[in-house]
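Structure, as structure tokens:
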Amino acid sequence: MQFIKKNARVLKIALGVAVFLALGSLVPNFLQPANLLNVVRQCSIIAICAVGVTQVLVITGIDLSVGGNVTFCGMTAGLLLNMGAPVWIAIIAALVIGAVIGLISGTLNAYLEVPAFVATLVIGQITQGAAYLFNNGRSFGGFPDAYVFIGNGSFLGVPISDYIMVAFVVAGIIITTKLPIGTRIYGLGGNEQVLKNAGINTAKIKLFVFSFSGFCAAAAGVLLASQLDTAHPTQGEPYQLDAIAACIIGGVSVSGGEGKVFMSMVGALIIGSVRNILNLLSVHSFYQNILVGAIIITVVAISMLSRARRQQKTAQFAAADSLDRLMP
């Protein structure tokens, strides 16, 4: 047990690599360049969602509206395109709506003090239900070539979706490490009361974080509909679990205050690779969810043990320091 506590971060990385190699060895075609490019293309959806979810988890929140938001915004773009709207208007409208959906969740949490779990779960259910109403539960398809190109085209041999994924990851890194709000996001996750005592409006930080997560989910929904050339009222559901799993596997603490956007992208690549391998092995999605859930539980358990050890060390140092001060 002590060994696990002392080497939690190494063990989490080792666990991801071990799962990746173990499953990869079972499928010879997995390591083929064409398949790896396809894996990264598929992972782009998870990674974009994870960029926003990372910030929500860092502030000790959770976003359970991701799946519904991905679906709703993909359906919104599809509806507008089928109505003859230009591609750029459909995309912008979907992105704005996604950000507004996140803003609603943030408002419920920040001003009405509704727990993030409840607020985002309800919003996710509402958006999922609304997506069914768009076309009586039927999908949209046959989108313009310019729209389909976004999800399926390539530049210099690299899928366009990969460039979009990198752009979102870079934006997330800049927000969390280069801008003043990034420091406040981590500060909010560490101790909200300290920020309040310093005169910082923590509600505005929450609004930004949830809005950004909604914006990321909307972008993922638009990209997914583009990749599939179809917008279906259930296609966002798998990304709810995968986005959270990617963040946790990437080292984002479920207790808040810790986590890096880049590592969440790595987690997304691991999750996407596992999904791809299981698909190649013809493993049913039900069993895939069981495996992903088991990975999440294992990683969270290791993280909590590591956090408990750090807290114990902090308490020991504090006690030793107090004792030294009392000594003549």
Side-chain angles (χ1 to χ4, degrees), residues 48-66 69 95-124 168-219 243-244 247-248 250-264 303-304 306-308 310-322 325:
I48 291 171
C49 291
V51 171
V53 174
T54 296
Q55 296 186 23
V56 175
L57 291 175
V58 166
I59 65 169
T60 69
I62 191 167
D63 191 350
L64 298 179
S65 66
V66 170
N69 208 343
L95 295 177
V96 171
I97 289 173
V100 170
I101 290 172
L103 183 64
I104 294 173
S105 296
T107 301
L108 292 173
N109 179 245
Y111 290 106
L112 300 182
E113 298 185 356
V114 178
F117 175 90
V118 177
T120 58
L121 178 62
V122 170
I123 295 300
F168 270 83
V169 171
V170 170
I173 292 173
I174 291 174
I175 290 171
T176 54
T177 63
K178 302 298 181 181
L179 300 181
I181 194 171
T183 303
R184 295 180 179 183
I185 288 172
Y186 285 98
L188 179 58
N191 193 324
E192 182 175 357
Q193 191 58 47
V194 171
L195 292 187
K196 289 183 176 180
N197 293 340
I200 296 174
N201 190 332
T202 57
K204 290 184 178 180
I205 301 174
K206 293 178 181 180
L207 291 180
F208 171 81
V209 168
F210 281 101
S211 296
F212 184 69
S213 182
F215 179 81
C216 290
I244 296 174
C247 295
I248 293 174
V252 181
S253 173
V254 293
S255 301
E258 299 178 14
K260 296 181 179 180
V261 172
F262 177 79
M263 292 307 298
S264 292
S303 298
M304 296 307 293
S306 175
R307 188 179 184 88
R310 290 197 302 272
Q311 291 176 341
Q312 183 181 17
K313 272 191 171 183
T314 301
Q316 290 174 346
F317 287 141
D321 184 61
S322 298
R325 292 182 181 181

Partner set under side-chain contact (heavy atoms from CB on, under 4.5 Å) for [X], not counting sequence neighbours:
| X | value |
| --- | --- |
| Ile104 | Val100, Leu108, Ile123 |
| Leu103 | Thr107, Leu207, Ser211 |
| Gln193 | Asn191, Lys196, Asn197 |
| Ala203 | Ala110, Tyr111, Asn201 |

Which heavy-atom pair separates [X] from [Y] by the least distance, and what is that distance?
| X | Y | value |
| --- | --- | --- |
| Cys247 | Leu57 | CB-CD1, 3.6 Å |
| Val66 | Cys49 | CG1-SG, 3.8 Å |
| Ala218 | Gly98 | CB-CA, 3.7 Å |
| Phe210 | Asn109 | CE1-OD1, 3.8 Å |

Side-chain donor-acceptor distances from residues 173-185 under 3.5 Å, at least two apart:
from: Thr176; atom 1: OG1; to: Gly172; atom 2: O; distance (Å): 2.8
from: Thr176; atom 1: OG1; to: Ile173; atom 2: O; distance (Å): 3.3
from: Thr177; atom 1: OG1; to: Ile173; atom 2: O; distance (Å): 2.5

(Q) With side chain to side chain donor-acceptor pair (under 3.5 Å) as the rule and sequence neighbours excluded, what pairs involving residues 49-64 come up? (A)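 Pairs touching residues 49-64 that pass the test: Thr54-Ser264, Asp63-Ser65, Asp63-Ser213.
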
Q: Walk me through it: do Val56 and Phe212 pass the test side-chain contact (heavy atoms from CB on, under 4.5 Å)?
A: CA-CA 9 Å; Val56 175; Phe212 184 69; over 6 Å; no

Q) Lys204: what forms a salt bridge (Lys or Arg N to Asp or Glu O under 4.0 Å) with it, not counting sequence neighbours? A)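 For Lys204, no residue satisfies salt bridge (Lys or Arg N to Asp or Glu O under 4.0 Å) once neighbours in sequence are set aside.
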
(Q) Could you walk me through whether Val58 and Leu188 satisfy the side-chain contact (heavy atoms from CB on, under 4.5 Å) test, starting with their C-alpha distance in whole Å, then the side-chain angles of each, then the deciding distance to 0.1 Å, before giving a yes or no? (A) CA-CA 8 Å; Val58 166; Leu188 179 58; over 6 Å; no

Q | Crowding at OH, Tyr186 (>12 non-hydrogen neighbours, <6.0 Å) | A |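 Yes, because the 6.0 Å sphere around OH of Tyr186 holds more than 12 heavy atoms from other groups.
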
Q: Report the C-alpha separation of Leu195 and Ile205 in whole Å, then their side-chain angles, then the decisive distance to 0.1 Å, and conclude whether the side-chain contact (heavy atoms from CB on, under 4.5 Å) test is met.
A: CA-CA 11 Å; Leu195 292 187; Ile205 301 174; 4.2 Å; yes

Q) Distance from Thr120 atom OG1 to Leu64 atom CG, nearest 0.5 Å? A)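 It is 4.0 Å, given to the nearest 0.5 Å.
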
